[in-house]
Amino acid sequence: KIGSNNLDLKENMPGGSVRGTLAGIAGMTRQPMAADKLPNTKNFEPTEDLSMSVKAVLHRNGVVLLLKNKRGWDLPGGHVRQGENKITALMREIFEETGLKVSNIEDLHMTDDNKHFFSGQFLTDDVVLSDEHEEHGFFSLDELEQLENLSNKYKEPIYACLQAELNEQKLVVVLKV
(Lines give C-alpha, C1' and ligand atoms only; values in the text may rest on other atoms or scores of the structure.)
Protein backbone atom coordinates (compact mmCIF):
# COMPACT_ATOMS: atom_id res chain seq x y z
CA LYS A 1 0.00 0.00 0.00
CA ILE A 2 1.28 3.45 -0.88
CA GLY A 3 1.06 6.12 1.83
CA SER A 4 -0.39 5.83 5.26
CA ASN A 5 -3.45 7.11 7.02
CA ASN A 6 -1.92 6.34 10.40
CA LEU A 7 1.13 8.55 10.63
CA ASP A 8 3.47 8.10 13.56
CA LEU A 9 5.38 11.37 13.61
CA LYS A 10 7.68 10.02 16.35
CA GLU A 11 7.55 13.18 18.37
CA ASN A 12 6.10 14.29 21.65
CA MET A 13 3.15 16.60 21.34
CA PRO A 14 2.89 19.44 23.89
CA GLY A 15 0.40 18.71 26.61
CA GLY A 16 0.38 14.98 25.92
CA SER A 17 -1.85 13.17 23.50
CA VAL A 18 -5.48 12.19 23.90
CA ARG A 19 -5.58 10.42 20.54
CA GLY A 20 -7.93 7.48 20.68
CA THR A 21 -9.50 8.56 23.96
CA LEU A 22 -13.06 9.75 24.33
CA ALA A 23 -11.82 13.37 24.53
CA GLY A 24 -9.82 12.98 21.32
CA ILE A 25 -12.63 11.25 19.44
CA ALA A 26 -15.12 13.90 20.54
CA GLY A 27 -12.83 16.63 19.27
CA MET A 28 -12.40 18.24 22.67
CA THR A 29 -8.72 18.84 21.98
CA ARG A 30 -9.30 21.03 18.93
CA GLN A 31 -8.58 24.74 19.15
CA PRO A 32 -11.37 27.14 18.22
CA MET A 33 -11.33 28.01 14.53
CA ALA A 34 -12.90 30.75 12.44
CA ALA A 35 -15.75 28.37 11.55
CA ASP A 36 -16.59 28.10 15.27
CA LYS A 37 -17.50 31.80 15.32
CA LEU A 38 -20.40 31.55 12.87
CA PRO A 39 -23.64 33.05 14.19
CA ASN A 40 -25.74 30.60 16.17
CA THR A 41 -29.20 31.50 14.88
CA LYS A 42 -31.73 29.50 12.92
CA ASN A 43 -31.98 32.10 10.15
CA PHE A 44 -28.25 32.27 9.48
CA GLU A 45 -27.24 31.36 5.94
CA PRO A 46 -23.56 31.22 4.96
CA THR A 47 -22.65 33.65 2.21
CA GLU A 48 -22.35 32.54 -1.40
CA ASP A 49 -19.29 30.67 -2.62
CA LEU A 50 -17.13 32.58 -5.08
CA SER A 51 -15.59 30.95 -8.14
CA MET A 52 -12.14 31.35 -6.52
CA SER A 53 -10.86 28.38 -4.54
CA VAL A 54 -7.90 27.81 -2.25
CA LYS A 55 -5.87 24.64 -1.79
CA ALA A 56 -3.22 23.80 0.82
CA VAL A 57 -0.17 21.60 0.60
CA LEU A 58 -0.10 20.49 4.23
CA HIS A 59 3.26 18.95 4.97
CA ARG A 60 5.62 18.02 7.79
CA ASN A 61 8.56 15.66 8.21
CA GLY A 62 8.76 14.96 4.47
CA VAL A 63 5.15 13.92 3.91
CA VAL A 64 2.09 15.66 2.51
CA LEU A 65 -1.56 15.11 3.46
CA LEU A 66 -3.90 14.15 0.61
CA LEU A 67 -7.63 13.51 0.71
CA LYS A 68 -9.44 11.11 -1.61
CA ASN A 69 -12.83 11.81 -3.15
CA LYS A 70 -14.72 10.29 -6.09
CA ARG A 71 -12.43 12.04 -8.61
CA GLY A 72 -9.17 10.90 -6.98
CA TRP A 73 -6.60 12.36 -4.61
CA ASP A 74 -7.07 16.00 -3.66
CA LEU A 75 -5.47 18.73 -1.58
CA PRO A 76 -7.45 20.12 1.36
CA GLY A 77 -9.28 23.34 0.57
CA GLY A 78 -12.29 24.68 -1.25
CA HIS A 79 -14.22 27.75 -2.33
CA VAL A 80 -13.79 31.19 -0.83
CA ARG A 81 -17.05 32.65 0.44
CA GLN A 82 -18.18 36.17 -0.25
CA GLY A 83 -16.57 38.51 2.31
CA GLU A 84 -13.81 36.04 3.27
CA ASN A 85 -10.12 36.49 2.60
CA LYS A 86 -8.13 33.59 1.17
CA ILE A 87 -6.39 32.61 4.42
CA THR A 88 -9.61 32.58 6.45
CA ALA A 89 -11.33 30.53 3.76
CA LEU A 90 -8.42 28.10 3.62
CA MET A 91 -8.35 27.56 7.38
CA ARG A 92 -12.13 27.09 7.44
CA GLU A 93 -12.06 24.58 4.59
CA ILE A 94 -9.15 22.62 6.09
CA PHE A 95 -10.95 22.41 9.42
CA GLU A 96 -14.26 21.41 7.79
CA GLU A 97 -12.60 18.68 5.69
CA THR A 98 -10.03 17.31 8.16
CA GLY A 99 -10.66 18.70 11.64
CA LEU A 100 -7.04 19.88 11.66
CA LYS A 101 -5.53 23.09 12.93
CA VAL A 102 -2.66 24.27 10.74
CA SER A 103 0.22 26.71 11.08
CA ASN A 104 2.77 28.55 8.94
CA ILE A 105 0.33 29.27 6.10
CA GLU A 106 2.24 30.80 3.18
CA ASP A 107 1.10 31.84 -0.26
CA LEU A 108 2.98 29.79 -2.87
CA HIS A 109 2.15 32.38 -5.55
CA MET A 110 1.01 29.50 -7.76
CA THR A 111 -2.37 29.31 -9.44
CA ASP A 112 -4.25 27.04 -11.81
CA ASP A 113 -7.30 28.74 -13.30
CA ASN A 114 -9.30 29.81 -10.23
CA LYS A 115 -7.27 27.74 -7.70
CA HIS A 116 -4.74 29.49 -5.46
CA PHE A 117 -2.14 27.31 -3.71
CA PHE A 118 -0.74 27.75 -0.22
CA SER A 119 1.55 25.72 1.99
CA GLY A 120 1.16 24.98 5.66
CA GLN A 121 2.05 22.52 8.35
CA PHE A 122 -0.33 20.24 10.18
CA LEU A 123 0.19 20.23 13.94
CA THR A 124 -1.20 16.74 14.56
CA ASP A 125 -2.09 13.78 12.39
CA ASP A 126 -5.55 13.29 13.96
CA VAL A 127 -7.56 13.65 10.74
CA VAL A 128 -11.34 13.51 11.04
CA LEU A 129 -12.73 13.41 7.49
CA SER A 130 -15.90 15.16 6.45
CA ASP A 131 -18.40 13.37 4.21
CA GLU A 132 -16.76 15.05 1.17
CA HIS A 133 -13.86 12.59 1.28
CA GLU A 134 -13.61 8.84 1.78
CA GLU A 135 -9.95 8.40 2.64
CA HIS A 136 -6.78 10.28 3.57
CA GLY A 137 -3.09 9.50 3.47
CA PHE A 138 0.35 10.93 4.22
CA PHE A 139 2.68 10.57 1.25
CA SER A 140 6.43 11.06 0.74
CA LEU A 141 7.93 12.28 -2.55
CA ASP A 142 8.71 8.70 -3.59
CA GLU A 143 5.17 7.55 -2.83
CA LEU A 144 3.66 10.49 -4.75
CA GLU A 145 5.43 9.37 -7.93
CA GLN A 146 3.63 6.01 -7.75
CA LEU A 147 0.25 7.46 -6.80
CA GLU A 148 -2.58 7.17 -9.33
CA ASN A 149 -5.46 9.64 -9.58
CA LEU A 150 -3.47 12.70 -8.47
CA SER A 151 -4.06 15.62 -10.83
CA ASN A 152 -0.98 17.13 -12.45
CA LYS A 153 -2.12 20.60 -11.33
CA TYR A 154 -1.43 19.53 -7.73
CA LYS A 155 1.99 17.98 -8.35
CA GLU A 156 3.95 21.21 -8.94
CA PRO A 157 2.95 22.89 -5.63
CA ILE A 158 3.40 19.61 -3.72
CA TYR A 159 6.87 19.00 -5.13
CA ALA A 160 7.87 22.63 -4.48
CA CYS A 161 6.85 22.39 -0.80
CA LEU A 162 8.40 19.00 -0.11
CA GLN A 163 11.61 19.89 -1.94
CA ALA A 164 11.89 23.15 0.03
CA GLU A 165 11.36 21.21 3.28
CA LEU A 166 14.10 18.74 2.33
CA ASN A 167 16.46 21.60 1.48
CA GLU A 168 15.77 23.23 4.88
CA GLN A 169 16.54 19.93 6.65
CA LYS A 170 19.82 19.59 4.75
CA LEU A 171 20.77 23.17 5.67
CA VAL A 172 20.14 22.47 9.37
CA VAL A 173 22.31 19.34 9.20
CA VAL A 174 25.13 21.27 7.52
CA LEU A 175 24.93 24.07 10.08
CA LYS A 176 25.04 21.60 12.99
CA VAL A 177 28.18 19.89 11.70
Side-chain angles (χ1 to χ4, degrees), residues 3 5 7 26-141 144 147-165 168:
N5 60 4
L7 179 63
M28 294 171 63
T29 60
R30 291 194 188 123
Q31 298 295 322
M33 298 294 290
D36 295 336
K37 296 178 181 156
L38 294 174
N40 190 16
T41 64
K42 290 182 180 179
N43 296 328
F44 173 72
E45 291 292 329
T47 57
E48 285 185 34
D49 286 347
L50 303 177
S51 62
M52 180 189 351
S53 63
V54 288
K55 292 289 186 175
V57 179
L58 298 180
H59 61 97
R60 188 171 75 182
N61 296 343
V63 295
V64 65
L65 171 64
L66 296 177
L67 309 176
K68 192 171 189 181
N69 60 30
K70 293 174 181 135
R71 293 181 302 271
W73 290 101
D74 192 10
L75 291 170
H79 287 277
V80 176
R81 291 183 180 159
Q82 194 167 20
E84 263 183 330
N85 67 44
K86 293 177 198 172
I87 301 292
T88 302
L90 184 65
M91 293 180 72
R92 174 185 52 77
E93 284 287 347
I94 291 168
F95 186 74
E96 287 174 3
E97 293 178 355
T98 68
L100 293 177
K101 182 177 179 183
V102 295
S103 67
N104 300 331
I105 300 287
E106 293 182 24
D107 191 337
L108 292 174
H109 303 286
M110 299 172 114
T111 59
D112 182 76
D113 292 329
N114 65 339
K115 290 181 178 25
H116 297 256
F117 294 97
F118 294 81
S119 72
Q121 294 184 336
F122 49 92
L123 303 176
T124 69
D125 63 338
D126 297 326
V127 175
V128 179
L129 289 178
S130 70
D131 58 1
E132 293 177 57
H133 297 92
E134 55 204 40
E135 188 179 342
H136 74 281
F138 299 93
F139 300 91
S140 69
L141 274 174
L144 285 169
L147 194 60
E148 295 180 16
N149 296 328
L150 176 62
S151 173
N152 286 332
K153 65 185 165 197
Y154 297 145
K155 290 180 181 178
E156 184 180 355
I158 291 171
Y159 290 153
C161 288
L162 289 182
Q163 195 59 52
E165 183 179 309
E168 286 176 20

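What's counted below: heavy atoms across the whole structure, side chains too, no hydrogens, waters or symmetry copies.
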Are the side chains of V63 and F122 in touch, meaning some heavy atoms are under 4.5 Å apart?
yes
If you look at every heavy atom in H59 and V57, which pair is closest and at what distance?
CD2-O, 3.4 Å
CD on Q121 to CG on N104, rounded to 0.5 Å
4.5 Å
Side-chain heavy atoms of K155 within contact of L144, under 4.5 Å:
no
To the nearest 0.5 Å, what is the distance between SG on C161 and CG on L141?
10.5 Å
pair L123-L100: side-chain heavy atoms closer than 4.5 Å
no
Are any of the side-chain heavy atoms of K55 and D74 separated by less than 4.5 Å?
yes
How would you list, by chain and number, every residue that makes a side chain to side chain contact (heavy atoms under 4.5 Å, CB included) with K86, sequence neighbours excluded?
M52, V54, H116, F118
For residues L75 and F117, determine if any side-chain heavy atom of one lies less than 4.5 Å from a side-chain heavy atom of the other.
yes
What are the two closest non-hydrogen atoms of G62 and L162, and how far apart are they?
C-CD2, 4.0 Å
Do L90 and V102 come within less than 4.5 Å of each other through their side chains, counting heavy atoms only?
no
So, using side chain to side chain contact (heavy atoms under 4.5 Å, CB included) as the criterion, who are the partners of K153 when residues are at least two apart?
D112, K115, S151
Measure the shortest side-chain to side-chain distance between W73 and Y154 over non-hydrogen atoms and say whether it is less than 4.5 angstrom.
no
D125 side, atom CG; L58 side, atom CG - distance, nearest 0.5 Å:
12.5 Å
Quick check: does any side chain N or O of N114 sit under 3.5 Å from a backbone N or O of S51, one acting as donor and the other as acceptor?
yes
Carefully, step by step, assess F138 and L65 under the rule side chain to side chain contact (heavy atoms under 4.5 Å, CB included).
CA-CA 5 Å; F138 299 93; L65 171 64; 3.8 Å; yes
For the OG1 atom of T98 and the CD atom of E96, what is their distance to the nearest 0.5 Å?
10.0 Å
If I take atom CE from residue M91 and atom OG from residue S103, how far apart are they, to the nearest 0.5 angstrom?
9.0 Å
Partners of E97 by side chain to side chain contact (heavy atoms under 4.5 Å, CB included), sequence neighbours excluded?
L67, P76, E93, S130, E132, H133
